[in-house]
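Keep in mind it's a predicted model, so treat the numbers as computed, not measured. Both backbone and side-chain heavy atoms feed into the values below; hydrogens, waters and symmetry mates do not. Each chain gets a letter, A, B and so on, in the order the sequences are listed, and its residues count up from 1.
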Amino acid sequence: KNEVEQSPQNLTAQEGEFITINCSYSVGISALHWLQQHPGGGIVSLFMLSSGKKKHGRLIATINIQEKHSSLHITASHPRDSAVYICAVIARDGGATNKLIFGTGTLLAVQP
Amino acid sequence: EPEVTQTPSHQVTQMGQEVILRCVPISNHLYFYWYRQILGQKVEFLVSFYNNEISEKSEIFDDQFSVERPDGSNFTLKIRSTKLEDSAMYFCASTLPGTRETQYFGPGTRLLVL
């Protein structure tokens with residue numbers, strides 16, 4: 001069983017649409033990360049959350065610790081947002097190393 | 001902006017050969033990681049390194065794997081005798097201490113074992 005689950009696995013949207021990607025996790029966490037992976041493979045950190053909500057440009061990330069759930073929202077989506085979006089957590093009892101436990105990712109395609 | 005770099009970007013090797021993947025973490029970072037991603041699968045943790053020693057390793061990180069920081073800047077992953085199933089993208093990451101710190105990823109090395 002995956003400790004981090006994402007939905008949907010694939011998402012196709014029209015330019016300008018509001019997009020939501022969901023992440024559920026089964027372990028107690030210290031922090032949750034949203035990451036972006038482009039077709040070339042590189043991984044970029046978008047947000048680190050331990051509570052509440054964060055906003056950066058058109059991206060908004062929220063987390064509900066009690067429900068073990070996080071969402072990533074993209075407002076006014078654009079074709080350049082097309083990428084794989086990955087949720088990853090740091091388990092609270094995962095030791096001092098802060099290793100990331102990754103979800104399987106959501107492949108987003110935004111069509112013009 | 002500081003970044004993590006990795007070399008080579010691509011490597012093709014024959015099964016049984018040794019490979020060394022190199023990473024230069026961000027200079028003031030103290031924790032270093034190797035992750036791998038088999039094509040079409042999720043990213044998996046391999047090993048973490050702190051204070052010149054392994055702090056944690058996964059089940060994947062068996063005796064064929066080793067890491068070292070030979071000169072205070074480079075961070076290397078060695079696979080002694082590669083197998084077909086070692087074909088993957090290998091990512092290096094580094095971070096400052098603390099759970100609330102961003103992990104910065106390198107661009108990855110795509111390893112293909114034939």
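When the heavy atoms of residues 9-22 of chain B are compared with those of chain A, none of the residues falls under 4.5 Å. Below 4.5 Å, heavy atoms of chain B meet heavy atoms from A:G103, A:T104, all part of residues 103-112 of chain A.
Placement of A:L46 and A:L11 within a single hydrophobic cluster is found when ILVMFWY residues are connected by side-chain heavy-atom separations under 4.5 Å, directly or transitively. B:Y35 and B:L111 fall into different hydrophobic clusters, defined by Ile, Leu, Val, Met, Phe, Trp and Tyr side-chain heavy atoms under 4.5 Å apart, directly or through other members.
Between the CD1 atom of A:I101 and the CD atom of B:E44 there is a distance of 12.0 Å, given to the nearest 0.5 Å. Taking CE of A:M48 as the start and CD of B:Q103 as the end, the distance is 11.0 Å to the nearest 0.5 Å. Distance check, rounded to the nearest 0.5 Å: NZ of A:K99 to CD of B:E56 gives 3.5 Å. Atom OG of B:S48 sits about 11.0 Å away from atom CG of A:L100, to the nearest 0.5 Å.
Heavy atoms from other residues, nucleotides or ligands lying under 6.0 Å from CG of B:L39 number 12 at most.
A heavy-atom distance below 4.5 Å is found between the side chains of A:L35 and B:F105. You'll find the side chain of A:N98 stays beyond 4.5 Å of the side chain of B:T95, heavy atoms only. B:T102 is not listed as a side-chain neighbour of A:F47, based on a closest heavy-atom distance of 4.5 Å or more.
For B:D86, there are no salt bridge (Lys or Arg N to Asp or Glu O under 4.0 Å) partners two or more places apart in sequence or in a different chain. With sequence neighbours left out, the salt bridge (Lys or Arg N to Asp or Glu O under 4.0 Å) criterion links B:R80 to no other residue.
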* To do: Test A:N2 against B:K42 for side-chain contact (heavy atoms from CB on, under 4.5 Å), laying out the working first.
  => CA-CA 10 Å; A:N2 289 325; B:K42 65 180 180 179; 3.1 Å; yes

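Within the 4.5 angstrom heavy-atom criterion, only side-chain atoms of B:Q37, from C-beta onward, approach chain A. Only the side chain of B:F91 comes within contact range of chain A, with heavy atoms under 4.5 Å apart.
Ring centroids of A:F102 and B:F45 are separated by 6.0 Å or more, keeping the two rings apart.
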